[in-house]
Amino acid sequence: MRTLFNRLIFIRMRRVFELLVVSLFLIIILTINSKWSSSIINDNNKHRHININNISVNSFLSQDQSLNQNHDTIIEKIITGQPNLAKYIHLDLKGAPPQPNKFYETFFNFIDQLNMSVKGIVIEYEDLLPLNGRFANATHRFGYKKSDIELIQIAAKSHRLEIIPLIQTFGHLEWLLKLREFELYRDELASPMVITPCLDLTYVLLEDLLQQTLDMHPNSNIIHIGCDEVTLTNSHPKCQEISMDVPERYINHVKRIVSIVQKIRPGIRILIWDDVIRSEQFINNEKLLNELKNLVEPVAWNYHPTFDDSYIYSPIWNIYSKLFSNTWAASAFKGGLRRLSMQTNTTHHVLNHHAWLQFMKLSTNQNNKSFSAIILTGWSRFDHFMPLCDLLPTAYQSLISSLYILTTGKSILHEYVNDCYELMNSIGKDSQLCQSLPGLSIWSGISSLSLSLSQIEDRLTFLHTVAPSYNRKHLFVRRYELDLRLNELEMLKNDLLTVTQLLNHHLSELYSLDVIDEWFDLYITPILGRINATLIEFSPVRNQTSWSRRPFI
C-alpha cells in the first residue's frame, strides 16, 4: 500500500514538473515571438515613415524608389541653414521654355518677395537665343526675340536679380553640331555632342556665339561657359597634327575660351561645371589644373540625396581652395533624377539640399574655403535629344522647399502638395505670394492627372487578371465582372479626356504649342493608346452568353 502511495506521489510530481517545463517553454516561445513581431513592426514603421523635422514622408511611394538610403543617420544630425549663402536659380530653356511675357515678371516678383537670398537667375538658353549671321538657321524656330531678352533683363533688374547666361562651349553643343552645315566642327563625326578643339575655325565660331550672347546681356558680370560631360576622343583629323593628350586639350580649350570672353568683356567672372576637372586625371596632375588658376570659378555639382565618401573626402577640395578664388555648389530642384518624369520628386531634391548643407559644414570644419554661392539647377532635359522631364510648375513645391531648407535648415516635406497657399503658410510666408506664380494651375492640374493615371493603371492591370490572354482566346471569362471593369475603364477614359482638355488650356497659358504637343505625346498619348487597345482587344468576350466545356484543346 505504501509503495502504491509513493508511486502515485511520484507520478503526480512528475506531471507537475512536466507541466512546469511546458509552461516555461511556452513563455520563452511567446516572449521571442513578441520581440520578433515588435521588431518587424518597428522595422516596417522605420521604412514606411521617415520623419524629417517631425514631418512624415512615405518612402514606399513609387517616385521614391531611388531613395533607398539609410536616412535615419541624416535625420538624427542637427542641420544648420545658410541664410547668407548667395543662391541662384537655374532655368533650363532647352526644354519647355515659358513664353516670356507670361512668365518672367511674375516669377521674378515671387522670388524677390520670397526673401530667401536668391541673388540671380542662371539661364541656359541653348538654341532659344535670337542669334544672327551663321547661326540664323540653327536656332529654335519658336525661339525668343531680342525684345524678349530685354524683357527678361528689365524684369530681373526691377527685382534685384542678376542674370547669368549659360552658354555651352565644349560639350552639349548638339543643338548646333547636329546640323549638316556644322558637321565639320564635331570632335567625332558620328556624334554631335562635343566640338573639336583642334580646329581654328572652332574658336571663330565660339567667339561669334559668345559675342552675340554678351551683347544681348550688357549688364551681366558673370557668364557660365559649361564645359561639363565632355567625352573628348581627339578623332578629328586636325588633332593628329599636334600630339596632345585629352586632359591637355581640355585645359587648352578652356583657356582659349576664357581668353575670348575676357577680350569681349574684361573683368567678367567665368564659371565652369567641375565634373571633368575633379576626375582622377586632374587630381593626379595638379600642375595641369594649375593652368586654370584664377581664370575660372568651378561649380561643383551633386544631385544625390546623400554624398558618398569618395566625393566628401576627395583631394579636389583642397586643390580648389588653393587655385580658385571662388568655388560654387550646384544642387537640383528638378530634372536631376529621371529622364522621363511627369512630376517633380520633392523628397529627393530636399534631401539633396540637406546633404549639401552637411557637406558645407564639414568643408568649413576642415578649413577648406567655404562655397561662395549655390546654383539650384532645374533641368528640363538630360540633353538636347532627350525627352521633356518635369515641367517647371510641378517643381514649385520642390523649389520653395529647397530654398527653405538651405535658408533655415528645416525640412518641409509633403509629397505632392497641390495647394501653394498651404505650403507658404507652413514656411511662415504670405500665402498671397502664390498669386505671383505663373502656371500655378498646371501644378494642380498635373497632380490631378497623376491620380487619374494611377487609377487607370490599376484597372488595366486588374483586367488582365480577370481575363488573361488564354481566357480571351477561348472566349472564356466571367462576363459580369469583365463588363463591370470595362465600364469603369471607359468612365476613367472619359474623365481623363476631360482632365487633359482642361490641362491643355492651362498649359497654353504658359507654353507654346510645340511644348504642349510634345508633353502630351510623352505622357498622355501612350496611356490613351493602351486604353483603346484594351477596349478593342477585350470586346469579343463581352457578348458571350454560353461557354465551351473544358478542355479547350
Side-chain angles (χ1 to χ4, degrees), residues 48-69 71 74-75 79 81 87 89-92 96 107 110-111 114 116 118 302-306 330-357 374-380 389-429 431 433-434 437 439-451 453-454 523:
R48 199 160 290 179
H49 296 288
I50 302 172
N51 287 299
I52 301 181
N53 290 359
N54 300 318
I55 295 174
S56 179
V57 180
N58 188 340
S59 67
F60 278 126
L61 291 172
S62 60
Q63 67 272 13
D64 289 335
Q65 288 175 356
S66 65
L67 304 183
N68 294 326
Q69 316 284 341
H71 296 315
I74 298 174
I75 297 158
I79 197 74
K87 303 170 186 70
I89 296 171
H90 168 246
L91 298 177
D92 178 21
F107 182 71
F110 175 82
I111 295 300
L114 200 58
M116 288 189 181
V118 177
N302 192 323
Y303 309 145
H304 295 294
T306 56
S331 58
F333 74 90
K334 71 176 290 289
L337 182 57
R338 290 192 182 94
R339 295 183 177 190
L340 197 67
S341 58
M342 193 173 73
Q343 288 182 286
T344 303
N345 185 327
T346 297
T347 302
H348 175 92
H349 295 301
V350 170
L351 289 174
N352 172 235
H353 288 91
H354 189 283
W356 266 114
L357 286 175
I374 185 168
I375 298 173
L376 288 78
T377 62
W379 302 102
S380 296
C389 49
D390 36 338
L391 295 176
L392 180 59
T394 75
Y396 285 153
Q397 179 195 357
S398 176
L399 176 60
I400 294 165
S401 300
S402 296
L403 287 169
Y404 183 69
I405 189 174
L406 282 175
T407 305
T408 66
K410 299 176 183 177
S411 303
I412 297 295
L413 285 177
H414 296 297
E415 197 64 56
Y416 297 145
V417 173
N418 300 328
D419 188 350
C420 174
Y421 299 94
E422 177 189 343
L423 178 61
M424 296 301 287
N425 285 330
S426 68
I427 64 172
K429 297 292 181 179
S431 61
L433 285 176
C434 292
L437 273 175
L440 194 60
S441 55
I442 297 172
W443 174 8
S444 57
I446 289 180
S447 297
S448 298
L449 178 63
S450 178
L451 292 175
L453 295 179
S454 178
Y523 297 103

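Keep in mind it's a predicted model, so treat the numbers as computed, not measured.
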Checklist line | side-chain contact (heavy atoms from CB on, under 4.5 Å) between Gln397 and Thr344, intermediate numbers included | finding: CA-CA 8 Å; Gln397 179 195 357; Thr344 303; over 6 Å; no

Please check if the side chain of [X] supplies one atom and the backbone of [Y] the other of a donor-acceptor pair under 3.5 Å.
{"X": "Lys87", "Y": "Leu376", "value": "no"}
{"X": "Asn352", "Y": "His348", "value": "no"}
{"X": "Ser426", "Y": "Leu423", "value": "yes"}
{"X": "Ser447", "Y": "Trp443", "value": "yes"}
{"X": "Ser448", "Y": "Ser444", "value": "yes"}
{"X": "Ser398", "Y": "Phe333", "value": "yes"}

Can you tell me how far the [atom1] atom of [X] sits from the [atom2] atom of [Y], to the nearest 0.5 Å?
{"X": "Ser331", "Y": "Ile374", "atom1": "OG", "atom2": "CD1", "result": "3.5 Å"}
{"X": "Leu433", "Y": "Ile427", "atom1": "CG", "atom2": "CD1", "result": "8.5 Å"}
{"X": "Phe110", "Y": "Leu114", "atom1": "CZ", "atom2": "CG", "result": "4.5 Å"}
{"X": "Arg338", "Y": "Asp390", "atom1": "CZ", "atom2": "CG", "result": "10.0 Å"}
{"X": "Met116", "Y": "Ile111", "atom1": "CE", "atom2": "CD1", "result": "9.5 Å"}
{"X": "His304", "Y": "Leu337", "atom1": "NE2", "atom2": "CG", "result": "10.0 Å"}

Checklist line | Partners meeting ring-ring contact (aromatic ring centres under 6.0 Å, His included) with Phe107 (sequence neighbours left out) | finding: Phe103

Margin query: Set out, in order, the CA-CA distance, both residues' side-chain angles and the distance that settles side-chain contact (heavy atoms from CB on, under 4.5 Å) for Met424 and Leu437, then state yes or no.
Written below: CA-CA 12 Å; Met424 296 301 287; Leu437 273 175; over 6 Å; no

Can you name the nearest heavy-atom pair linking [X] to [Y], along with the distance?
{"X": "Gly409", "Y": "Ile79", "answer": "O-CG2, 2.7 Å"}
{"X": "Ser411", "Y": "Ile405", "answer": "OG-CD1, 3.3 Å"}
{"X": "Gly378", "Y": "Asp92", "answer": "O-CB, 3.4 Å"}
{"X": "Pro305", "Y": "Ala355", "answer": "O-CB, 3.5 Å"}
{"X": "Pro393", "Y": "Gly439", "answer": "CB-O, 3.3 Å"}

Next item on the list: Determine whether Tyr523 and Leu340 make a side-chain contact, defined as any pair of heavy atoms from C-beta on separated by less than 4.5 Å.
Entry: yes

Notebook entry, point to check: Do Leu392 and Ile442 have side chains that get closer than 4.5 Å, going by heavy atoms?
Noted result: no

Margin query: Going by the rule side chain to side chain contact (heavy atoms under 4.5 Å, CB included), which residues pair with Tyr303 if we only count those two or more places apart in sequence or in a different chain?
Written below: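 In terms of side chain to side chain contact (heavy atoms under 4.5 Å, CB included), with neighbours along the sequence ignored, Tyr303 is linked to Trp301, Ala332, Thr377, Trp379.
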
Next item on the list: Run the numbers on Lys334 and Ser380 for side-chain contact (heavy atoms from CB on, under 4.5 Å), then give the verdict.
Entry: CA-CA 8 Å; Lys334 71 176 290 289; Ser380 296; 3.8 Å; yes

Checklist line | Pair Ser402-His349, side-chain donor/acceptor within less than 3.5 Å | finding: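 No, no side-chain donor-acceptor pair sits under 3.5 Å.
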
Item checked: Met342 vs Thr394, side-chain contact (heavy atoms from CB on, under 4.5 Å): CA-CA, chis, key distance, verdict -> CA-CA 8 Å; Met342 193 173 73; Thr394 75; over 6 Å; no

